Amino acid sequence: MPLQETQNNDLKIITVTIPRIDAAVAIRFKDAMRAATETGPNHIVLDLSNVCFVDSSGLGAIVASKKQLAHGKQLDLAGLTPDVAKVFRLTRMDSVFYIHAHVADLAPHTAG
Amino acid sequence: MPPIPPDDGFTLRLTGCETEVRPVLRQVRDTLARHGLSRDRLGTAELVLAEALNNIAEHAYAGQVSGPVTLRASLRDGRLRIVLEDRGNPMPAGTPPPGILPDPHVPRSDLPEGGFGWFLIRDLTESAVYTRTGGENRLELDFGPVPDRNAGV
């Protein structure tokens with residue numbers, strides 16, 4: 001499961017590099033998210049800007065990624081594309097996550 | 001899966017297994033796009049079909065290697081309708097789940113990880129009618145009116 005991680009002291013950004021989180025990859029996604037969120041900063045943002053399709057299994061796996069976090073950790077979402085945003089809105093799961101419009105607004109800044 | 005759509009619809013014969021869902025969705029989406037459906041409509045049809053086809057693969061053909069599924073799409077009378085037929089297990093109790101949205105306002109450990117599929121199918125269609133006849137499941141999905149593809153959409 002291709003997840004790309006970027007982090008500084010305060011924030012870890014996990015970027016999904018595949019275009020679909022669906023039934024075919026849901027379990028692998030959840031497992032990869034467990035591994036990616038175990039270490040590092042407590043504030044984690046899942047960047048979904050490359051993802052154009054999420055079905056109910058994929059949605060369940062994203063929610064599971066939040067449920068399986070260690071105590072004190074927080075998972076936000078960023079960069080929802082239109083069809084993905086619609087799934088979160090219809091199922092009201094947009095009320096479960098803090099959703100950032102663009103991950104670029106959050107990216108760890110480098111000095112200079 | 002011969003992609004030869006007649007003017008008002010097309011039929012695909014596929015296998016009801018998890019690995020076939022993605023290529024089928026791709027083919028249906030591409031074909032409907034050529035019929036002039038908007039991006040939003042294409043996304044809706046793709047999501048509803050994904051839910052219905054995954055249900056067939058995971059439940060109707062549960063415990064079996066796979067089985068046949070027929071998908072018939074029609075754009076007659078300016079409406080998009082898609083009928084799915086399979087020969088797998090019937091719905092438990094003979095009827096699909098009600099599709100009631102799980103409550104999102106619960107403690108983190110109680111958040112729902114499932115139960116969204118039939119909600120999405122019902123919410124995104126005008127009607128979703130399930131019937132079981134002679135060992136065959138039939139799900140008729142009516143997506144409602146679509147713009148006339150000859151109207152320069």
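Values reported hereafter were calculated over all heavy atoms of this structure, with side chains retained and with hydrogens, waters and symmetry mates removed. As the structure is a prediction and not an experimental result, all values here were calculated from the model. Throughout, a chain's letter reflects where its sequence line sits, starting with A, and its residues are numbered from 1.
- Across all non-hydrogen atoms, the minimal contact from B:Glu113 to A:Ala64 is OE1-CB, 3.2 Å.
- Between B:Pro102 and A:Arg92 the shortest side-chain heavy-atom distance does not fall below 4.5 Å.
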Run the side-chain contact (heavy atoms from CB on, under 4.5 Å) test on B:Phe116 and A:Leu90 for me, step by step, so that the C-alpha distance in whole Å, both residues' side-chain angles and the decisive distance to 0.1 Å come before the verdict. CA-CA 10 Å; B:Phe116 304 115; A:Leu90 291 174; over 6 Å; no
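- Within a 6.0 Å sphere centred on CZ of B:Arg138, heavy atoms belonging to other residues, nucleotides or ligands number more than 12.
- Across B:Glu58 and A:Ala23, no two heavy atoms sit closer than the pair OE2-CB, 3.8 Å.
- Hydrophobic cluster membership differs between B:Val83 and B:Leu12, with clusters built from Ile, Leu, Val, Met, Phe, Trp and Tyr side chains linked at under 4.5 angstrom.
- Neither the backbone nor the side chain of B:Pro107 comes within contact range of chain A, judged by heavy atoms closer than 4.5 Å.
- A continuous path of Ile, Leu, Val, Met, Phe, Trp and Tyr side chains, each step under 4.5 Å between heavy atoms, connects B:Leu71 with B:Tyr130, placing both in one hydrophobic cluster.
- Both the backbone and the side chain of B:Thr44 come within less than 4.5 Å of a heavy atom in chain A.
- When each of B:Ala57, B:Gly114, B:Pro112 is checked for heavy-atom pairs under 4.5 Å with chain A, B:Pro112 comes out on top.
- Neither the backbone nor the side chain of A:Ile62 comes within less than 4.5 Å of any heavy atom in chain B.
- Between A:Arg20 and B:Leu25 the shortest side-chain heavy-atom distance falls below 4.5 Å.
- In terms of non-hydrogen atom pairs under 4.5 Å with chain A, the most contact-rich of B:Gly43, B:Gly115, B:Pro104 is B:Pro104.
- Of the atoms belonging to B:Leu101, it is side-chain heavy atoms, and not backbone ones, that fall under 4.5 Å from chain A.
- Within a 6.0 Å radius of CD in A:Gln4, no more than 12 heavy atoms belonging to other residues, nucleotides or ligands are found.
- A:Ile27 is not connected to B:Leu53 by any chain of hydrophobic side-chain contacts under 4.5 Å among Ile, Leu, Val, Met, Phe, Trp and Tyr, and they are in different clusters.
- A continuous path of hydrophobic side-chain contacts links A:Ile18 to A:Leu46 [ILVMFWY only; heavy atoms under 4.5 Å].
- With values rounded to the nearest 0.5 angstrom, B:Arg26 atom CZ is found 13.0 Å from A:Phe53 atom CZ.
- Using a 4.0 Å cut-off between charged nitrogen and carboxylate oxygen, B:Asp40 and A:Lys86 count as a salt-bridge pair.
- Both B:Val106 and A:Val96 are part of a single hydrophobic cluster, where members link through side-chain heavy atoms under 4.5 Å apart.
- Both the backbone and the side chain of B:Glu46 come within less than 4.5 Å of a heavy atom in chain A.
- A:Leu75 is not listed as a side-chain neighbour of B:Arg108, based on a closest heavy-atom distance of 4.5 Å or more.
- Using a 4.5 Å heavy-atom cutoff, the side chains of B:Leu47 and A:Val87 are in contact.
- For B:Leu42, no part lies under 4.5 angstrom from a heavy atom of chain A.
- For A:Asp55, the parts sitting under 4.5 Å from any heavy atom of chain B are the backbone and the side chain alike.
- Using a distance-only test at 3.5 Å, with no hydrogens or angles considered, a donor-acceptor pair links the side chain of B:Glu51 to the main chain of A:Ser56.
- For a residue to count as touching a neighbouring chain, one of its non-hydrogen atoms must lie under 4.5 Å from one of that chain's; by this rule A:Ser95 touches chain B with the side chain only.
- The two residues B:Arg39 and A:Asp83 come nearest to each other via the heavy atoms NH1-OD1, 4.3 Å.
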